[in-house]
Enquirer: 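One structure follows; several queries about it will come next.
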Amino acid sequence: MTVRVRIAPSPTGPLHIGTARTALFNYLFARHVGGTFVLRLEDTDAARSELGYERDILEGLHWLGMEWDEGPEVAGLPARGPYGPYRQMERLPLYKEAADRLLAEDKAYYCYCTPEELAADRAAQEANHEPPHYVGRCAHLTPEERGEREAEGRKPVIRFRVGEGVVEFDDLVRGNVAIDTKALGGDLVIVRSDGTPLYHFSVVVDDAAMAITHVIRGEDHLSNTPKHILLFRALGAQEPKFAHLPLILNADRTKMSKRKSQTALDAYKEEGFVKEAIVNYLALLGWSSGTEEDIFPLDELVTRFELARVQSAGAVFDRERLEWLNGQWIRRLADDDLIERLMPFLMDDLAERARQGEQVRFPGQDEVAALLPLVRERLPVLSAIGPLVDFLFIEEIAVDPAQLVPKRWDPETTLEALTEARRVAADTGSVSFEADELEASLRALAESRGWKAGDLFMAIRVAVTGRTATPPLFDTLVALGYERTIERLDAARDLLAPATSRPA
RNA sequence: GCCCCCAUCGUCUAGAGGCCUAGGACGCCACCCUUUCAAGGUGGAGAUCACCGGUUCGAAUCCGGUUGGGGGUACCA
C-alpha cells in the first residue's frame, strides 16, 4: 500500500505558520517513505473563503519548497493527480452522493430544528449542567411530520447518526485513544441547509475518495477524530491512520493565534526570514533528530524524519531561536544567492528613504556583492541590510553632534582629531585609498597624538556614517570612496565648529 | 460543565529501568578575540525531571492518583 497524505488548508486567511508546519510534517513523512503528498483546498466555508487567501497559501507552500504531487489547477496550470478536483466546492456532487447514501441507509436523517430551538436546547442543558448535545428531536420523523415542516418552508440540514459505543484508535504519535460517543454532542450536522457539506463530512468523504492513508494534523482535531472514524465506517471506507501533532503555542501556552503572535508566514518572509531557516525551525517545533545537531536543510529533514520522533506536548513559538537559525542560514548561503535575496530589501529601504525626500542612489548587484563580506555576519534577518549600508547610498547623512564626540573626549579634541584624520586620509588617499593603508596611517596618527585608536575610529565612524554601529570602518571608508570620505569628514567638522572658525 | 490530550532548565528538546552528580541548542552572564556592531571561541548560572503513592535491588523513564496546563465540545475549519 502506497502512502498518501494530504495538507488541507482552508482559504479563510493567509498561510498560517501552523498550517505550514502541518504541511511540512506531511511533506517530510511522504517524501521519507516515497509516498504521495496531496494538496486539497477546503473552501466549503463560503462566507470566509477568499481567492486571495488561496493564492497566498499556495504561494507560501511553494516558496517554502513543499511541492505537492497532486493538487488543484492554479494560474492556468491544470490540476495534478487522478483524484481531482482538489477544491471542495468543485466536489459538491460527491458529498451529495455520499449524503444520499447515508440517508438511504438511515445512517443520517433530515433535521428541521431551527437555530432558536437549538439555542434553547443548549441553554436548558447548560442550566442542568449537562454537556451540550443534540436532543434528537428530528431523529425519527414520520414522512407526514417531514411533510409538514417542508410545507412550512423549512430547509433541513442532514444529521449523521452517531450511535452508541466507544471509538478507539491508535494514534501514531499519542498511542491508544478511546472516546465514548456520548461525548460527541449528539448526531452531528454533516450538510448545511443550503446543501453544502460541513468540514467533518467533506474531510472524510475526500480522504476516503482520495485514498488518503495517513491523516497527519494538529492536536486540535484529536477530539473530533471519533466523528471521522464513525463516518469512514458508515461510508464503508477504509479508515486511515491518524497522527496528531502537538500544537504551536503562544508565549502563554495557548494555541498560537493571530491575536497574540505573528502567525502569517508572509510576515516572516517580509521581515527577511529565509525559507531554509523557517523550514528548519518549523521542523524542530515538535520533532527532533535525536542527535545533537540542529541545522538541517529540507532534503536532510526528509531523510531523517520519523513520526515516532514527534513530541506530544505543545511547543511555544520562540522567535529568538528562529532568528538565530536565520542568521545561521544567511551565513551559509552562496554569494549570488544571498545578493539576489538581499537586493529587494535594500531597494525597498532606499525607496522608502527617497519617499521621505532624501537623495538616494540605487546600487547595482555588483556594488552590493562587494559589500557582502562586510554584512554577511551582521544579518539576523535580510531586512537588516538597509540600516547596515544605506549611508553609502544616501547623499546627505544625518549626523548627531552629540554622538560625534567619543565618550572620553570633548568637542575640541574631536574637532582636532577629525581635522587630523581628514589630512591623513587625504594624504593616504592621494596615493591609494585602501583599507590596510588607511588603518596603518590612522593608527599611526592616534599613536603620535596619544589618542586611543578606538576613540579616533569612533569619531570617524560617526562622521562618515552617522551611526555608532557599522561594518568594519576601513572597508566602509573604501566603499564610501575617497571623495565622499573627505566631504563627510569636513561636514562633521562643520558640525563641531562654524566654518569661519574651522581650523584649516 | 463534560470529553480528550499533555507535563525534563525561561524556551525548543535528548532521555524508551542502571551509561543521569539529567546531555544539547536558543536566550542570559563572564572572559577571549576586537576600531564599533556582529560573528566566532571558552566558561558559567539555569531542571529537587509538576506533586503524591506504588512496582522494582534500582525510576526522569513503568503503574495509579492529584494538581496544573492545553485542546475539543457550531448549519467554522
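Within every chain, numbering begins at 1; the chains are lettered A, B, ... in the order of the sequence lines, protein sequences first and strands thereafter.
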Enquirer: Using atom P of each nucleotide, how far apart are B:G15 and B:C20 to the nearest Å?
Expert: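 Looking at atom P only, B:G15 and B:C20 are 14 Å apart.
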Enquirer: Would you indicate what A:H200 reaches in the nucleic acid, counting non-hydrogen atoms under 4.0 angstrom: base, sugar-phosphate, or nothing?
Expert: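 Contact class for A:H200: base.
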Enquirer: Would you mind classifying the nucleic acid contact of A:H244 as base, sugar-phosphate or nothing, using non-hydrogen atoms under 4.0 angstrom?
Expert: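 Touches nothing.
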Enquirer: Which is more 5' along RNA chain B, the nucleotide nearest A:G286 or the one nearest A:R159? Just name the residue.
Expert: A:G286
Enquirer: Expressed as a whole number of Å, how far does the P atom of B:C9 sit from that of B:U61?
Expert: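 B:C9 and B:U61 have their P atoms separated by 14 Å.
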Enquirer: Just checking, any donor-acceptor pair under 3.5 angstrom between side chains of A:R146 and A:Y112?
Expert: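 Side-chain D/A pair, A:R146 to A:Y112: present.
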Enquirer: Please state whether the phosphate of B:G40, meaning OP1 or OP2, lies under 4.0 angstrom from any side-chain nitrogen or oxygen of A:Q328.
Expert: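 Result: yes.
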Enquirer: In terms of side-chain heavy atoms of A:L473, which of B:U35, B:G72, B:U13 is nearest?
Expert: B:U35
Enquirer: Searching all strands shown, indicate the nucleotide that pairs with B:G46 (Watson-Crick or G-U wobble; both distances under 3.5 Å).
Expert: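 Matched B:G46 with nothing under the 3.5 Å cut-off.
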Enquirer: Applying the Watson-Crick and G-U wobble criteria at under 3.5 Å, what pairs with B:A14? Answer none if nothing qualifies.
Expert: none
Enquirer: Short question: side chain of A:R467, backbone of A:P387 - any donor-acceptor pair under 3.5 Å?
Expert: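 A pair under 3.5 Å: yes.
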Enquirer: Describe the nucleic acid contact of A:A8 in one word from base, sugar-phosphate, nothing, applying a heavy-atom distance below 4.0 Å.
Expert: nothing
Enquirer: Provide the distance between the two P atoms, one in B:A59 and one in B:C26, to the nearest whole Å.
Expert: 34 Å
Enquirer: Return yes if some donor-acceptor pair links the side-chain N/O of A:Q125 with the main-chain N/O of A:H133 below 3.5 Å, else return no.
Expert: yes
Enquirer: Is it true that A:K255 and A:E219 have a side-chain N and a carboxylate O under 4.0 angstrom from each other?
Expert: no
Enquirer: Can you tell me how far P in B:U8 sits from the matching atom in B:A60, rounded to whole Å?
Expert: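 Those two atoms are separated by 15 Å.
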Enquirer: Which part of the nucleic acid, if any, lies within contact of A:P471, taking any heavy atom under 4.0 Å across all strands shown: a base, the sugar-phosphate backbone alone, or nothing?
Expert: base
Enquirer: When you compare B:U66 with B:C6, how far apart are their C1' atoms, in angstrom units rounded to a whole number?
Expert: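 Taking atom C1' in both B:U66 and B:C6, they lie 15 Å apart.
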Enquirer: With respect to the side chain of A:R309, which nucleotide from B:U11, B:G15, B:U13 is positioned closest?
Expert: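 Ranking B:U11, B:G15, B:U13 by closest atom to the A:R309 side chain puts B:G15 first.
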Enquirer: Quick check for you: among B:G71, B:G69, B:C75, whose closest atom lies nearest to any side-chain atom of A:L247?
Expert: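 The closest nucleotide is B:G71.
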Enquirer: Using the P atom as the point on both nucleotides, what is the distance between B:C51 and B:U11, in whole Å?
Expert: 15 Å
Enquirer: At under 4.0 Å between heavy atoms, what does A:F474 touch on the DNA or RNA strands: base, sugar-phosphate, or nothing?
Expert: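 A:F474: base contact, heavy atoms under 4.0 Å.
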Enquirer: Kindly say if A:R192 contacts the phosphate of B:A77, meaning a side-chain N or O under 4.0 Å from OP1 or OP2.
Expert: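 Yes.
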Enquirer: Consider the side chain of A:K227, meaning its heavy atoms from C-beta on, and name the nucleotide among B:C76, B:C5, B:U73 that approaches it most closely.
Expert: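 Between B:C76, B:C5, B:U73, the one nearest the side chain of A:K227 would be B:U73.
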Enquirer: Once you apply a heavy-atom cut-off of 4.0 Å, does A:S193 come out as touching a base, just sugar-phosphate, or nothing?
Expert: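 Base, at least one base heavy atom under 4.0 Å.
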Enquirer: What's A:V189 touching, base or sugar-phosphate or nothing? Going by heavy atoms closer than 4.0 Å.
Expert: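 If one applies the 4.0 Å heavy-atom cut-off, A:V189 turns out to touch the sugar-phosphate alone, with no base involved.
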Enquirer: Taking A:N224 for the side chain and A:H200 for the main chain, is one N or O donor matched with an acceptor at less than 3.5 Å?
Expert: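 Not confirmed, A:N224 side chain does not pair with A:H200 backbone.
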Enquirer: From C-beta outward on A:L118, which listed nucleotide comes closest to its side chain: B:A7, B:C3, B:C75?
Expert: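 Selected nucleotide: B:C75.
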Enquirer: Heavy atoms only, 4.0 Å cut-off, all strands: where does A:S289 land among base, sugar-phosphate and nothing?
Expert: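 A:S289: no heavy atom of the nucleic acid under 4.0 Å.
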Enquirer: Tell me what A:A469 touches on the nucleic acid: a base, only sugar-phosphate, or nothing, going by heavy atoms under 4.0 Å.
Expert: base
Enquirer: Taking only side-chain N and O atoms of A:T470, does any of them lie within less than 4.0 angstrom of OP1 or OP2 on B:C37?
Expert: no
Enquirer: On the nucleotide B:A77, are OP1 or OP2 found under 4.0 Å from the side-chain N or O atoms that A:T44 carries?
Expert: yes
Enquirer: Would you classify A:N224 as touching base, sugar-phosphate or nothing, given that sugar-phosphate means primed atoms plus P, OP1 and OP2, and contacts are heavy atoms under 4.0 Å?
Expert: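 Base, at least one base heavy atom under 4.0 Å.
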Enquirer: With both distances under 3.5 angstrom, what nucleotide forms a Watson-Crick or G-U wobble pair with B:U73?
Expert: B:G1
Enquirer: Under 4.0 Å: is that the gap between some side-chain N or O of A:R321 and OP1 or OP2 of B:G27?
Expert: no
Enquirer: State which of B:C12, B:C76, B:G71 makes the closest approach to the side chain of A:A315.
Expert: B:C12
Enquirer: Report yes if a side-chain nitrogen or oxygen of A:R174 is closer than 4.0 Å to either non-bridging phosphate oxygen (OP1 or OP2) of B:A7; otherwise report no.
Expert: no
Enquirer: A:F25 ring centre to A:R21 NZ or CZ under 6.0 Å, with the angle to the axis within 45°?
Expert: yes
Enquirer: Between A:E439 and A:D43, which residue's closest nucleotide on RNA chain B lies nearer the 5′ terminus?
Expert: A:E439
Enquirer: May I ask you to verify if any side-chain N or O of A:R331 is less than 4.0 angstrom from the OP1 or OP2 atom of B:G40?
Expert: yes
Enquirer: Using Watson-Crick or G-U wobble geometry with both distances below 3.5 Å, tell me the partner of B:C62, or none.
Expert: B:G54
Enquirer: Tell me if the aromatic rings of A:H221 and A:Y199 count as close, with their centers under 6.0 Å from one another.
Expert: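 For A:H221 and A:Y199, the ring centres are under 6.0 Å apart.
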Enquirer: Distance check, C1' atoms only: B:G10 and B:C5, in whole angstrom units.
Expert: 24 Å
Enquirer: State which of B:G1, B:A77, B:C4 makes the closest approach to the side chain of A:S223.
Expert: B:C4
Enquirer: From the list B:G1, B:U35, B:C5, which nucleotide is the closest neighbour of the side chain of A:L222?
Expert: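 Selected nucleotide (nearest to the side chain): B:C5.
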Enquirer: How far does the P atom of B:U48 sit from the matching atom of B:G72, given to the nearest Å?
Expert: 31 Å
Enquirer: A:D220 has a side chain; which of B:C5, B:G71, B:A39 sits nearest to it?
Expert: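 So the side chain of A:D220 is nearest to B:G71.
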Enquirer: In terms of ring plane angle, is the pair A:W287 and A:F296 parallel, tilted or perpendicular, where the classes change at 30° and 60°?
Expert: perpendicular
Enquirer: If only side-chain N and O atoms of A:Q311 are considered, is one of them under 4.0 Å from the OP1 or OP2 phosphate oxygen of B:A14?
Expert: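 Checking A:Q311 against B:A14: at least one side-chain N or O falls below 4.0 Å of OP1 or OP2.
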Enquirer: Salt bridge between A:E90 and A:R87, side-chain N to carboxylate O under 4.0 Å?
Expert: yes
Enquirer: Quick check for you: among B:C2, B:G70, B:G27, whose closest atom lies nearest to any side-chain atom of A:T254?
Expert: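 Within the option list, the nearest is B:G70.
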